Amino acid sequence: MSHDPITLRGWDQDHVWHPFTAMQAYRTEDAPIIESAEGFHLTDVVGRTYLDGISSLWCNVHGHRVPEIDAAIREQIDKVSHSTLLGLSSRVSIELARELAKLAPPGLTKVFYSDSGATAVEVALKMAWQYHTQKLMMPSERRLFATVGNAYHGDTVGAVSVGSIPVFHKVYGKLLFETVSVPSPVALRLPEGFSDRESYLKWCFDEVERVIREQHEQLAAFIIEPLVQGAAGILVHPHGYLRHVRRLTRQYNVPLIADEVAVGFGRTGTMLACEQEAVSPDFLCLAKGITGGYLPLAATMTTEAIYNAFLDEPAAGKTFFHGHTYTGNPLGCAAALASLQLFAKNNVVANARRNADRLADRLSVLKDHPHVAEVRQKGIMIGIELVADRESLTPFTAERRTGHLVTLAARRRGVMIRPLGDVVVLMPAPGMPGDLVNQLCETALESIDEATRG
Ligand SMILES: *Cc1c(COP(=O)(O)O)cnc(C)c1O
C-alpha cells in the first residue's frame, strides 16, 4: 500500500523522532521524505531528485542501487538473512573477516563484529579494560581512557564518555565515566598564552607525551580518530601526529584504539587513514563505509596479543561477555564483501584521490570569502567554517543557524548536504564521478553566498 505525501508528512510528525534533530524546528521545515535512489541521487515522495552530497551521512561509497551489491544481498537472502555468531559461524562472516585482515594494518588479525560505529567503539573500550585485568604479565585494573579534545566516537554511553564535543556531550556529563584528554592539535583559534600556530602545535605534541608519561599505569587505552576529527567539524591533524601518538603509546605500553569509522574506506585518499602514517593500532574500529553504506555492520579488529588474554578454560570467566543479536549479520557481510570487490575493480581509492584534487581546486575561491574562516580538507572530507567576520573569526549567532541556511539553500538547488553547526560539510562518496563533484562544489559556493548574505 502506498500513501500520499501529505499523509506521510503527517505520520512523520506524529510518530518519527529523528536522530540529532531539533524536532521543534524540524516540524516546520517540510524536509524531503526519501522514496528511492539511483546512483548518487536520492528521490523524494513528490518526485524531486537530490545529489547525495554527504554520502547519506558519510557511509555511502559506490552510490545507491549498485547492481553488484544489490545482487550480492539478493543472493544472500536466498540462502539465509540472519543466523547468530554466538557459538556458531556463518560462511560470509568468515570470508569477510579474512578480507578485513588482509586490508588492515599489520598485526590486526582478529575481527569482532557488531552493528554500528558506536558499538565498534564500545567493544574496543570493553576489550581494552578486560585485557588489562586478564593479561599474563602484570594484570591490572586500568580505568582511565585517554582521548583527544573534541573527539566524537558515537552515541552510546561508553562512546560518549570518550567523546567531548560540547554541544553533543555536555548534557550527559554526569552519566559518563572519567577520562583524561589531550588538546586537539588544530590551530585556527589559539588559546590564550600562545602567539603562533607552531608553538601551539608543539605544545599539543608535548601534552601527548606528558599525559601518557604521567598516567600510563592507569591508562586502559588511548582512543583517536586518525588524521581527521570528523564530527568536531572536519578538524585535520598535522602530519605526524598519529605517528607521534603511536610511538608514545608503544613506548609506555598503552593500547591504541584507532576509530576509523568515519575516515576508513577511502575518505582520506587511502583505503584506511592509518596507512598514511604507517601506524598499526591495537584496535581498529570500522563501520560507516564497511558495507558500501548499505547495511548496519561494524567491526572491531585487534591483535593476537589482546585476543590471547581472553583464552582459558570456559569456567575461568575470561570470555569477552559482549555480543549483539545481529552481530555479523550475513546480509551486511555479503554487502561488505561485494563492496570490497568493487573497491578493487573500480579503483575507487584512486577516484577519491582525483576528486580530492578537484574539490581543492573548485573550493579554492573560498579563501578570500568574507564569511569563510577556513576550508579544511583531507581527501574527500571537507569542512567549510563560516563566520560573521573573517578577520576576528567572530562566529555567526547560533539563532541565525547559518549552516542550516546553507543546507536549505542547497536543497532548493537539488543538492543534499548537512552541516555541523556553522561548518558546511561536503562528503562526496569515494566512487562519485567528477562531474557530480563539480556540481556539488558549485552548489555549495552559491548556497554559502546566499546564506551568509545580509
Ligand atoms: C559516526 C562515527 C561514529 C559512530 O558511528 P555510528 O554508526 O553512528 O554509531 C563513531 N566514530 C566516528 C569517528 C564517527 O564518525
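Because the structure is a prediction, the values reported are computed rather than measured. Counting starts at 1 for both ligands and their atoms, in listed order. Excluded from the calculations below are hydrogen atoms, water molecules and symmetry mates; all remaining heavy atoms, backbone and side chain alike, are included.
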message: Please confirm whether the ring centroid of Tyr326 lies under 6.0 Å from the ring centroid of His82.
response: yes
- request: Compute the centroid of each ring, for His371 and then for Phe396, and state whether the two points are separated by less than 6.0 Å.
  value: yes
Protein heavy-atom partner closest to [atom] - residue, atom, separation in Å:
atom	answer
atom 15 (O) of ligand 1	Lys288 NZ, 2.7 Å
atom 11 (N) of ligand 1	Asp259 OD2, 2.6 Å
atom 7 (O) of ligand 1	Gly117 N, 2.7 Å
atom 9 (O) of ligand 1	Ala118 N, 2.8 Å

Other residues, nucleotides and ligands only: do more than 12 of their heavy atoms fall within 6.0 Å of [atom1] on [X]?
X	atom1	answer
Arg213	CZ	yes
Tyr307	OH	no
Glu178	CD	no

field: Side chains of His18 and Asp12, donor plus acceptor under 3.5 Å
entry: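 Side chains of His18 and Asp12: pair found under 3.5 Å.
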message: Under 4.0 Å from a heavy atom of Ala262: which atoms of ligand 1 are those, numbered in the order shown and with their elements?
response: 15 (O)
- request: Could you tell me which atoms of ligand 1, counted from 1 in the order shown, lie closer than 4.0 angstrom to a heavy atom of His153?
  value: 10 (C), 11 (N)
- prompt: Would you say Ala287 has any N or O atom under 3.5 Å from an N or O of ligand 1, going by distance alone?
  reply: no
